[in-house]
There are 2 protein chains.
Amino acid sequence: MSSKKPNSAPKPAPKPAPNAGQAPDTRTRILGAALELLSGGAAGVRMSDIAKAAGVSRQAVYLHFPARADLLIAAVRHLDELREVDRRLEESRQAKSGRARLAAFIAAWAGYLPEIHGVARALVAMYDTDEAARAAWDDRMAALRHGCAAAVAALASDGALNPALTEEDATDLLWTLLSHHNWERLTGDCGWAQERYVAAMQDLAARALAA
Amino acid sequence: MSSKKPNSAPKPAPKPAPNAGQAPDTRTRILGAALELLSGGAAGVRMSDIAKAAGVSRQAVYLHFPARADLLIAAVRHLDELREVDRRLEESRQAKSGRARLAAFIAAWAGYLPEIHGVARALVAMYDTDEAARAAWDDRMAALRHGCAAAVAALASDGALNPALTEEDATDLLWTLLSHHNWERLTGDCGWAQERYVAAMQDLAARALAA
DNA sequence: CGTCAACTTTACACCGTGTAAATTCCCGAA
DNA sequence: TTCGGGAATTTACACGGTGTAAAGTTGACG
């Protein structure tokens with residue numbers, strides 16, 4: 001489900017898009033405003049802030065999203081579409097060797113990280129108070145893990161996997177290395193440039209996982 | 001500083017310990033109750049829960065700690081004393097070679113992680129809403145970083161540091177690897193046993209940092 | 001002209017934190 | 001023995017943010 005109260009009616013679906021092709025509809029403006037405010041990882045963004053930024057009343061926001069968590073989740077999805085995340089991750093699968101594929105996957109994911117950083121932070125902050133947020137985040141993490149597993153499998157089928165590791169262990173490690181937290185610490189707290197982060201992670205993953 | 005409002009009076013200090021040597025005083029009982037409730041990483045622990053667990057009224061808690069953040073911070077310090085964290089970390093400095101020292105430091109820190117896990121989570125959850133919590137956590141992280149830097153320096157003075165890394169870079173990496181988040185993901189989400197976590201981190205750090 | 005949907009305004013309930021004050025209880029010193 | 005005074009207790013309330021509820025406004029389209 002989605003928000004707090006046991007919402008009997010499951011909501012009649014987003015919208016049949018009665019909007020021709022120009023000015024973004026209210027829902028989209030709200031999502032845009034939320035992304036705008038959260039970009040950069042600002043904390044303490046309230047529903048009223050988002051409403052104001054979208055040029056709409058606070059109540060109007062609740063007309064489109066039953067709860068804050070739902071808005072954040074929709075914002076993540078919205079951003080994914082805008083940035084064609086799936087396509088970019090998919091492309092990383094084209095690499096020929098297992099090692100190249102690992103590097104490409106890391107690069108693709110790393111490119112994604114700074115973009116969702118803001119919303120991700122907000123979503124994670126609700127992780128243990130909101131069931132919907134938890135589920136959405138877990139889902140996302142599961143997707144990342146899938147990518148990791150695929151990269152590890154490619155490595156293994158090349159015979160290039162560190163023999164001390166099972167595929168599962170290697171996946172766990174890679175999945176852990178690529179977490180938002182690690183990205184945030186290195187690029188944020190340590191002040192690393194994005195390229196340095198990418199290079200370091202590629203190197204680290206290769207050292208840890210490759211034979 | 002401590003809590004929310006600009007507390008004019010800076011608090012007259014904990015207490016001159018009028019208690020001889022038997023039943024723990026209320027303050028200690030509150031800290032104990034908080035640690036108990038938070039151990040295991042439970043979320044959503046309220047002041048009233050802690051008060052109840054300590055067998056005291058909610059208001060009594062505020063008699064001892066001006067705000068939730070201060071209670072959590074005191075709880076962390078209390079736990080540190082109980083568990084002799086400083087001593088354990090200090091011992092890891094005794095190792096002769098740089099590599100041994102790195103391994104010992106990782107083991108010592110790893111032993112600490114599961115113990116403060118619960119309070120740490122609660123404290124981190126307030127990180128961006130409470131200034132005192134932020135400062136306390138940053139402080140803690142700075143201490144960890146110091147340990148990392150020392151281990152890296154030991155490695156370097158053995159000439160065993162990966163030549164592709166400056167000491168600073170190596171410290172950043174080690175600091176990142178040893179984060180609570182990574183521990184939580186591996187032992188929690190991935191279900192790794194503590195020993196496996198320690199071994200994997202020692203191995204990973206050696207691969208990443210050693211020549 | 002009517003009506004339907006989107007949006008606004010106003011108001012309120014709920015929760016958890018933190019403040020405030022009056023009251024009880026007990027212990028130790030004059 | 002009485003008189004503090006400290007430590008709790010109880011009760012009450014302010015605040016901020018989320019979410020609900022309902023009545024009123026506006027504009028497009030039949």
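None of the values given here were measured: they were computed from a predicted structure.
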Completion exercise
Protein heavy-atom contacts under 4.0 Å, written 5' to 3' over nucleotides 10-17 of chain D as B (base), S (sugar-phosphate only) or - (none), form the string BBB----S
Just the rounded figure in Å: distance from [atom2] of [N] to [atom1] of [X].
X: B:Ile30; N: D:dA7; atom1: CD1; atom2: C1'; answer: 11 Å
X: A:Asp70; N: D:dG19; atom1: CG; atom2: C1'; answer: 12 Å
X: A:Leu63; N: D:dG19; atom1: CG; atom2: C1'; answer: 13 Å
X: A:Arg27; N: C:dA5; atom1: CZ; atom2: P; answer: 18 Å
X: A:Asp25; N: C:dA6; atom1: CG; atom2: P; answer: 11 Å

Exercise for the section: Decide, yes or no, whether a salt bridge links A:Glu91 with A:Arg87 under the criterion of side-chain N to carboxylate O below 4.0 Å. Expected result: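 Looking at A:Arg87 together with A:Glu91, the answer is yes, because their closest N to O distance falls below 4.0 Å.
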Handout entry: B:His64 side-chain N/O to D:dA7 phosphate OP1/OP2 under 4.0 Å
Key =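 Answer no for this pair, as no side-chain N or O of B:His64 is under 4.0 Å from OP1 or OP2.
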Problem - Under 4.0 angstrom between B:Thr26 side-chain N/O and D:dA8 OP1 or OP2 - result: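 So the side-chain polar atoms of B:Thr26 do come within 4.0 Å of the phosphate oxygens OP1 or OP2 of D:dA8, strictly under.
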Problem - Residues, nucleotides or ligands: over 12 heavy atoms within 6.0 Å of B:Arg196 CZ - result: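 Atom CZ in B:Arg196 is packed in, count exceeds 12.
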Handout entry: salt bridge (charged side-chain N to carboxylate O under 4.0 Å, His left out): pairs with one or both residues in residues 56-66 of chain A, sequence neighbours excluded
Key =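 Listed by first then second residue: nothing to list.
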Practice task
Compare the minimum distances between each of D:dG19, D:dT9, C:dT17 and the side chain of A:Tyr62, then state the nucleotide with the smallest one.
Solution key: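 In terms of side-chain proximity for A:Tyr62, the closest of D:dG19, D:dT9, C:dT17 is D:dG19.
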Practice task
Indicate the ring-plane relationship of B:His181 and A:His181, choosing parallel, tilted or perpendicular according to the 30° and 60° boundaries.
Solution key: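 Aromatic pair B:His181/A:His181 classed parallel.
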Exercise for the section: Please check if the side chain of B:Trp183 supplies one atom and the backbone of B:Leu113 the other of a donor-acceptor pair under 3.5 Å. Expected result: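 Not a single qualifying donor-acceptor pair exists.
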Determine all donor-acceptor pairs shorter than 3.5 Å in which one atom belongs to a side chain in residues 35-45 of chain A; sequence neighbours excluded.
| from | atom 1 | to | atom 2 | distance (Å) |
| --- | --- | --- | --- | --- |
| A:Ser39 | OG | A:Glu36 | O | 2.9 |

